[in-house]
2 protein chains.
Amino acid sequence: MAPSTETLTAERILEATEEVLRRYGPAKATVVDVARALGVSHGSVYRHFRTKAALREAVTERWLDRTSRALAGIAAEDRGAEGRLRDWCAALFTAKRHKAGDDPELFATYMVLIGENSAVVERHVADLVAQLGRIVGDGVRAGAFASADVPATARAVFDATVRFHDPAHARDWAHPGADAEFAALVDLVVRGLKGA
Amino acid sequence: MAPSTETLTAERILEATEEVLRRYGPAKATVVDVARALGVSHGSVYRHFRTKAALREAVTERWLDRTSRALAGIAAEDRGAEGRLRDWCAALFTAKRHKAGDDPELFATYMVLIGENSAVVERHVADLVAQLGRIVGDGVRAGAFASADVPATARAVFDATVRFHDPAHARDWAHPGADAEFAALVDLVVRGLKGA
DNA sequence: CGACTGACAAAAATTGAAATCTGTCATTCG
DNA sequence: CGAATGACAGATTTCAATTTTTGTCAGTCG
């Protein structure tokens, strides 16, 4: 966009890249477009990011981290594990559903980025599962939940809810029964956590 | 392939179509190829299937029905609901994993067909959920499971296990920890079914 | 001196003309 | 007479020529 006299930082490049991706989509967005948006030559962008792939990876990571941070707040709250778990799952579903529904094109763009960067996604998933682990662990300590292997149980909870947070299933999130199905699933999972 | 003197039936066309899809893949397989394999003109194929899409849909349906029928056997067995549920889920996971692992190219072909025929897939899913419903219903009647709404619970069980039967997650099925994660998930679900 | 530029080679994407495929139907074949 | 054919129009795909993009680096500028 407007050339700027500010220093060229990785941060500013990432912002410009997001903007370019939003405007042109993942197929058309080029490094030259990003450079043009910043009023610099594309060589300067390569000073901060070794390849176009690295640049896209950094954008993907930023995007996923925003979700992570929001949920970390819920996981850390000081109250009963069941309530926190229910709210955490609901917050994850709601956040994803809004991202998918509010701006489908931008969401499609991030779906492409996610497909390109499985390593980043893996780290993100590990992060979310760790958050679940903290909630489940608290629940076990307080006697609300039963689990012989907290990390494995946390992973099972994450897996059980894939349909309501994995972008691969985004298509289903709009359909009318989705909320009821989500509620039934969370109830089933919570009952399972409470033990036999 | 070899021309034949037999009558041209929908069944024979479907077999030839499967063969052509296996050989050329979903992108290259044409109606002309199918006709050539049968030793007839492509016009004759159109006598049995109105469009290429209808032909592919029929192939997809056949393929999904084979899985359905195998599982229906387990659902109908005369024994405890918990064992049947565990075996049914394991059979579904194992069957899918083999299809994906044994012939990845053919599996990719069917993934494409599945993407083209969401209506067929929806019916297939409804069928599987109904089978689960029978098992869960039996369990509730026998006092082994607790559920206020059997169809909704069956759907929740199906949803909870998506990661281990939906082709969208096929990529994960090969990884070493998959079996342990599957076991942990089924345990969680079964505990949930047994009630709080 | 170090951030930035822009010309360049190699790789990838786009374009449009030619070839192929889909779906129809008047005609042939048994 | 009903099943099958093959020529055909319109839609889609292919392929090679052309353009654009990526990534590098010797050289400029402040």
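Note on naming: letters A, B, ... go to the chains in the order of the sequence lines (proteins, then strands), and numbering restarts at 1 for each one. Because the structure is a prediction, the values reported are computed rather than measured.
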To the nearest angstrom, the CZ-C1' distance between A/Phe49 and D/dT24 comes to 18 Å
Rounding to 0.5 Å, atoms CG (A/Leu71) and CD (A/Gln131) come to a distance of 5.5 Å
Practice task
Report yes or no: do A/Val32 and A/Ile13 belong to one cluster of Ile/Leu/Val/Met/Phe/Trp/Tyr joined by side chain heavy-atom distances under 4.5 Å?
Solution key: no
inquiry  = For a side chain to side chain donor-acceptor pair (under 3.5 Å) check, start with the C-alpha distance between A/Thr30 and A/Asp33, then their side-chain angles and the critical distance, and finish with the verdict.
reply    = CA-CA 5 Å; A/Thr30 72; A/Asp33 290 331; 3.1 Å; yes
note: A/Leu38, atom CG; C/dA3, atom P; distance rounded to Å ~ 17 Å
### Query
Does the side chain of B/Val59 reach to within under 4.5 Å of the side chain of B/Tyr110, using non-hydrogen atoms?
yes
In whole angstroms, the gap separating C1' of D/dA11 from NZ of B/Lys52 amounts to 12 Å
Double-helix bend of the helix from C/dC1-D/dG30 to C/dG30-D/dC1, axes at both ends from 5 pairs, round to 10°, gives 20°
Whole-Å distance, A/Arg56 CZ to D/dT22 P, equals 9 Å
According to the interplanar angle, ranging from 0 to 90°, do the rings of B/His169 and A/His169 count as parallel (below 30°), tilted (30 to 60°) or perpendicular (above 60°)?
parallel
**Asked** Under 4.0 angstrom, heavy atoms only, what part of the nucleic acid is B/Val32 near: base, sugar-phosphate, or nothing?
**Response** base
message = With a 4.0 Å cut-off on N to O distance, would you call B/Asp187 and B/Arg86 a salt bridge?
response = yes
Any protein N or O atoms within reach of nucleotides 4-15 of chain C? Criterion: under 3.5 Å, listing atom names and distances.
{"residue": "C/dC4", "atom": "N4", "partner": "A/Arg47", "partner atom": "NH2", "Å": "3.3"}
{"residue": "C/dT5", "atom": "OP2", "partner": "A/Ser41", "partner atom": "N", "Å": "2.9"}
{"residue": "C/dT5", "atom": "OP2", "partner": "A/Ser41", "partner atom": "OG", "Å": "3.2"}
{"residue": "C/dT5", "atom": "OP2", "partner": "A/Ser44", "partner atom": "OG", "Å": "2.6"}

Sequence neighbours excluded, the answer for side-chain hydrogen bond (donor to acceptor under 3.5 Å, both in side chains) partners of B/Asp149 is none
| task | Evaluate the side-chain proximity of A/Phe164 to B/Asp159: yes if any heavy-atom separation is below 4.5 Å, no if none is. | result | yes
